[in-house]
Amino acid sequence: MDQTVYQKLLSPLSLEEAEGRIRKAGAALTTWYKAAARDLPWRRTKDPYAIWVSEVMLQQTRVETVIPYYRRFLSALPDIKALAEADEMQLHKLWEGLGYYSRVRNLQRAARQIMADYGGVMPQSRDALLSLCGIGSYTAGAVASIAFGERTPAVDGNVLRVVSRLLAAEGDILSPSVRKGVEALLLSQMPDDAGSFNQAVMDLGAGVCLPNGAPECAACPVCDCCLAAQRGQQLAFPVKAPKAKRRIEERTVFLIRTAAGETLLRRRPEEGLLAGLWEFPNEEGRLGREEAAALLAGRGIRPQKLQTLGKSKHIFTHLEWQMAGYLAICGDVPLQPGEVLATDRERRQAYTIPSAFDAYKQVLDSIAKEKGI
Ligand code: SF4
C-alpha cells in the first residue's frame with residue numbers, strides 16, 4: 001500500500017511491520033471464525049438480497065434486536081421485486097422500532113434502481129453496489145465479500161477499533177483519511193476468504209474487542225499481534241476527536257383528540273429528519289398554556305379541555321428534542337393538508353409514528369385502555 005496513505009494512521013509501526021501484523025491477524029481470525037462464528041440467520045444464506053437487508057438493519061442496531069425484524073421483513077418482502085413494489089405504509093410498519101427510517105427508504109430506492117438498471121438482479125461487485133442509493137463503502141464491502149466472495153474489506157466502527165488497537169494507531173478513527181488508510185491496509189493484506197475475514201472482525205469487535213470498558217484480551221485470537229495489548233494500553237485506543245455538541249431543541253407536542261376518540265396526526269415532510277413519517281402536531285419552543293391555546297385557536301381548534309402533559313426527551317445523532325405537551329379534547333377538528341384523524345386502532349396499525357413520540361403514544365394508549373378501546 002501507499003506509504004503516505006498509511007502514515008495517516010499514526011501508528012508507531014513501520015508499514016512493513018503493520019502489514020505483517022495484519023497478515024498474521026487475518027490468518028488467525030479466519031481460523032477462529034470457522035470454529036467460533038456466531039450462528040445468525042443471515043449467515044445461513046448466500047442470498048445477496050437477504051445479506052444486504054441484514055447489513056442495513058445492523059447499522060446502529062444490535063444483533064439481538066435485528067433478528068426478529070430481519071425474519072419479519074424477509075417473510076413479508078422475500079425478494080428485490082417485492083421490496084421495490086412494497087407500499088410505503090407496509091415498509092414503515094416493518095421497520096417501526098428500528099429507527100433511522102431513511103435506511104428503509106433508501107433500501108427501497110435501491111431495489112427500484114436494481115429493477116430498472118440491473119433487470120432485478122443484485123449487482124455483484126463492490127463498485128457496482130456503490131452506485132446504489134444508500135449503499136456506502138461498508139455495506140458494499142460486506143455484501144460483495146460475503147455474498148459474492150470478492151476480496152474486499154468492510155470497514156465499520158468495529159473494524160476501525162480493532163485495527164487501531166492492533167497497530168496502536170493514534171489517528172482519529174472518525175477522519176476519512178484514517179478510514180481510507182485502514183481500507184487500503186486491509187485490502188493489501190487480508191486473506192482470500194474475505195467474507196469470513198470481514199465477519200470474523202465483526203464478531204471480534206462485537207464480543208471480544210469491546211467498545212466500552214476493557215476488551216477481553218485473554219480470549220482474543222489475535223492477542224499476540226496486538227501492539228496496544230502488548231503495551232497495556234488497550235483503553236487508549238481508538239482515538240476519536242471530540243464530536244460537535246448536540247443541538248438542543250425545545251418542542252411542544254399536541255395530542256389533539258376528538259370526543260369520539262380520534263387523534264390528529266400529521267405527515268412530516270418528504271425530506272429531512274423522520275421524513276415521511278406521521279407525528280402528533282408539534283411546534284418549536286416551550287409554549288405556555290395561553291400560547292398553546294392561542295396557537296390552536298389560530299388554526300380553528302378550540303379545545304373543551306386543555307391538559308398539561310409530562311416532559312419527554314429524544315436524542316437523535318446531532319440533535320436532542322426536549323418536549324412538553326398538551327392533551328386537547330375538542331369538538332370539531334378542521335383538517336389541514338397532510339393531516340388525518342385516526343382512531344386508536346388505526347393509529348397503532350396503519351400509521352408509523354417514530355419512537356421520539358413514545359411518551360405521548362403511551363398517554364393515548366392509557367386513555368384507550370381506560371375506555372376499553
Ligand atoms: Fe482487542 Fe485485546 Fe484483542 Fe487487542 S488483544 S485486538 S485490544 S481484544
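In each ligand, atom 1 is the first atom listed, and ligand 1 is the first ligand listed. The chain is numbered in sequence order, starting from 1.
- For atom 3 (Fe) of ligand 1, the closest non-hydrogen atom of the protein is C220 SG, 2.3 Å.
- In summary, the atoms of ligand 1 found under 4.0 Å from a heavy atom of R165, numbered by their order in the structure, are 7 (S).
- Near A229, with a cut-off below 4.0 Å to any heavy atom, the atoms of ligand 1 are 5 (S).
- The ring pair (Phe, Tyr, Trp, His ring centres under 6.0 Å) test with F357 is passed by exactly one of W321, F254, W278, Y351: W321.
- For atom 4 (Fe) of ligand 1, the N/O/S atoms of C226 include one lying under 2.8 Å.
- Under the 4.0 Å criterion applied to side-chain N and carboxylate O atoms, K369 and D344 are not assigned as salt-bridge partners.
- In this structure, CZ on F197 lies 9.5 Å from CZ on R151, to the nearest 0.5 angstrom.
- With hydrogens and angles left out, the side-chain atoms of T139 and Q59 include a donor and acceptor closer than 3.5 Å.
- The line from CE of M89 to CD of Q349 is 12.0 Å long, rounded to the nearest 0.5 Å.
- Every atom of ligand 1 is numbered from 1 in the order shown, and the set under 4.0 Å from a heavy atom of C223 is 5 (S).
- The backbone and the side chain of C217 each have at least one atom closer than 4.0 Å to an atom of ligand 1 (non-hydrogen atoms only).
- Contact annotation: A228 has no heavy atom less than 4.0 Å from any atom of ligand 1.
- Scanning all heavy atoms of the two residues, the minimum distance from R126 to E183 falls at NH2-OE2, 3.7 Å.
- The distance from ligand 1 to the heavy atoms of Q234 drops below 4.0 Å at these ligand atoms: 7 (S).
- For the pair R72 and Y69, the distance from NZ or CZ to the six-membered ring centre is under 6.0 Å and the angle to the ring normal is within 45 degrees.
- Proximity to P215 (heavy-atom distance under 4.0 Å) selects the following atoms of ligand 1: 7 (S), 8 (S).
- Using a cut-off of 2.8 Å, one finds that C209 contributes an N/O/S atom close to atom 1 (Fe) of ligand 1.
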